[in-house]
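What follows is a single structure, written as structure tokens, with notes after it.
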Amino acid sequence: MDKLFFSKPTLDVAKNLLGCKLINGKTSGMIVESEAYLYNDRASHSFKGKTERNKVMFDSPGRAYVYFIYGNHYCFNVVTNKHGIGEAVLLRALEPLSGFNIMRKRRKKEELKELCSGPGKLCSALGIEKKHNGKMLNNGSLRIEKFNKIANKNIIKSRRIGISNGSELYHRFYIKGNIFISRK
DNA sequence: CTCTGGATTGAC
DNA sequence: TCAATCCAGAGG
């Protein structure tokens with residue numbers, strides 16, 4: 001994906017990512033759910049400025065920001081807007097497209113719906129981990145490509161999930177009617 | 001150094 | 001509804 005795609009207002013990128021394809025090696029899925037985290041957002045890791053963990057958020061757009069959480073899981077974000085701002089989009093769910101058996105083995109689950117229906121789940125299914133932090137997503141094994149164009153009327157905007165601060169913001173986007181999202 | 005809580009998940 | 005699990009960030 002062109003770097004220009006990510007160099008836009010973060011809420012726009014979060015919406016535009018729906019219908020794109022996230023690929024790592026032989027595994028891939030269509031993005032069906034995303035959340036935006038802005039620089040002035042109390043829920044964002046970047047809210048209090050640059051730290052060792054979040055420094056990639058302040059790097060150039062189009063990079064992967066991968067972090068470890070709750071002692072078990074990785075979360076995958078794409079850095080957006082402009083270099084130095086500190087914004088990103090969290091990918092929360094994918095509709096599996098390829099590499100089903102690899103993903104089943106990694107997830108220890110059979111059902112397609114169980115493979116990528118959550119931020120930690122999709123990282124596990126695609127094999128995304130700490131070594132991917134900071135990687136550009138335009139080429140290489142881990143990358144994002146154009147796939148489906150989602151019409152505006154099929155995009156639902158809602159409150160974010162799993163956070164205490166900033167849960168009032170409608171910064172979550174998902175594809176209407178898609179059964180692979182993390183939660184209603 | 002210690003302490004606290006988390007952009008989650010899966011089992012109960 | 002709730003515990004597992006461990007690390008980043010903050011404070012002393």
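Note that the structure is predicted; figures quoted are calculated from it, not measured. Below, read A as the first sequence line, B as the second, and so on, with proteins coming before strands; counting in each chain starts at 1.
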Tyr74(A) ring center within less than 6.0 Å of Phe76(A) ring center
no

Collect all protein-nucleotide pairs involving nucleotides 5-7 of chain C in which both atoms are nitrogen or oxygen and the distance is under 3.5 Å.
residue, atom, partner, partner atom, Å
dT5(C), O2, Tyr70(A), O, 2.5

Is any NZ, NE, NH1 or NH2 atom of the basic residue among Glu33(A) and Arg172(A) found under 4.0 Å from an Asp or Glu carboxylate oxygen of the other?
yes

We want to know whether Ser182(A) and Arg92(A) form a side-chain donor-acceptor pair, criterion being a heavy-atom distance below 3.5 angstrom.
yes

Enumerate the residue pairs fulfilling side-chain hydrogen bond (donor to acceptor under 3.5 Å, both in side chains) with a member in residues 132-142 of chain A, sequence neighbours excluded, ordered by first and then second residue.
Asn24(A)-Ser141(A)

Any side-chain hydrogen bond (donor to acceptor under 3.5 Å, both in side chains) involving residues 104-114 of chain A? Give me the pairs, sequence neighbours left out, ordered by first then second residue.
Asn101(A)-Arg104(A)

So, taking the atom named [atom1] in [X] and the one named [atom2] in [Y], what distance separates them when rounded to the nearest 0.5 Å?
| X | Y | atom1 | atom2 | value |
| --- | --- | --- | --- | --- |
| Leu115(A) | Glu95(A) | CG | CD | 11.5 Å |
| Asn81(A) | Leu11(A) | CG | CG | 10.0 Å |
| Met57(A) | Thr51(A) | CE | OG1 | 9.5 Å |

Of all the heavy-atom pairs spanning [X] and [Y], show the shortest one and how long it is.
| X | Y | result |
| --- | --- | --- |
| Asn77(A) | Tyr67(A) | ND2-CE2, 3.4 Å |
| Leu90(A) | Tyr37(A) | CB-CE1, 4.0 Å |
| Phe6(A) | Val13(A) | O-CG2, 3.9 Å |
| Ile181(A) | Asn178(A) | CG1-O, 3.8 Å |
| Ser98(A) | Lys26(A) | OG-O, 3.0 Å |
| Ile144(A) | Cys20(A) | CG2-CB, 4.0 Å |

What parts of residues 16-36 of chain A reach DNA chain B, counting only heavy atoms under 4.0 Å away?
none

Can you pull out the residues from residues 155-174 of chain A that lie within a 4.0 Å heavy-atom distance of DNA chain B?
Gly162(A), Ile163(A), Ser164(A)

Okay, side chain of Arg63(A), backbone of Thr80(A): is any donor-acceptor separation there less than 3.5 Å?
no

Every protein N/O within reach of nucleotides 9-12 of chain C N/O, cut-off under 3.5 Å:
residue, atom, partner, partner atom, Å
dG9(C), OP1, Thr51(A), OG1, 2.3
dG9(C), OP2, Arg53(A), N, 3.3

Exercise answer: donor-acceptor pairs, residues 119-127 of chain A side-chain atoms, under 3.5 Å, sequence neighbours excluded:
residue, atom, partner, partner atom, Å
Lys121(A), NZ, Ser117(A), OG, 3.3

What range of DNA chain B does chain A touch, first nucleotide to last, counting atoms under 4.0 Å from its heavy atoms?
dG6(B) to dG10(B)

Residues clustered with Ile85(A), ILVMFWY side-chain links under 4.5 angstrom:
Tyr39(A)

For residues 100-121 of chain A, which residues have at least one heavy atom under 4.0 Å from DNA chain C?
none

By side chain to side chain contact (heavy atoms under 4.5 Å, CB included), Asn72(A) pairs with (sequence neighbours left out) none

Please assess Arg53(A) against Tyr65(A) for the test side-chain contact (heavy atoms from CB on, under 4.5 Å), listing each intermediate value before the final yes or no.
CA-CA 9 Å; Arg53(A) 176 176 64 167; Tyr65(A) 169 45; 3.6 Å; yes

Under 3.5 Å for both distances, Watson-Crick or G-U wobble, that's the pair rule; now give the dot-bracket for DNA chain B, with | marking pairs to another strand and [ ] for crossing ones.
||||||.||||.

